[in-house]
Amino acid sequence: MKKMLLIGMLVIGGLSYGRDFERRESQELQVVQSVSSEDQSMISRERTEGNMEVYSEFHRDLENMDRGHENR
């Protein structure tokens, strides 16, 4: 009888641990995905800001070249 009770407790404990492990694993995966999403959005913003700087410098150089030709 004691062996059956011990086996039952081990089975129930194992099932409970497995279920909790799966839930924690899915929660950790959600956290990792949200961090990855935030990183991607930050990288995208940095790229956009960098592109805008290059774009504005390019147009500034074009305007300066045009002014140089007009002054001659």
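All of these numbers come straight from a predicted model, not from anything done at the bench.
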J.: Going from CG on Leu10 to CG on Leu5, what distance comes out if it is rounded to the nearest 0.5 angstrom?
T.: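 Leu10 atom CG to Leu5 atom CG measures 9.5 Å (nearest 0.5 Å).
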J.: Check whether any side-chain heavy atom of Asn64 sits under 4.5 Å from a side-chain heavy atom of Arg60, and report yes or no.
T.: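 SC-SC contact between Asn64 and Arg60 confirmed.
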J.: Distance from Lys2 atom NZ to Leu6 atom CG, nearest 0.5 Å?
T.: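 Between Lys2 NZ and Leu6 CG, I get 11.0 Å after rounding to 0.5 Å.
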J.: Taking side-chain contact (heavy atoms from CB on, under 4.5 Å) as the definition, give me every residue that meets it alongside Tyr17, ordered by chain and number, with sequence neighbours left out.
T.: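 So Tyr17 forms a side-chain contact (heavy atoms from CB on, under 4.5 Å) with Phe21, Arg24.
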J.: Give, for atom CE of Met65 and atom CD of Glu63, the distance between the pair rounded to the nearest 0.5 Å.
T.: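 Met65 CE to Glu63 CD: 10.5 Å, rounded to 0.5 Å.
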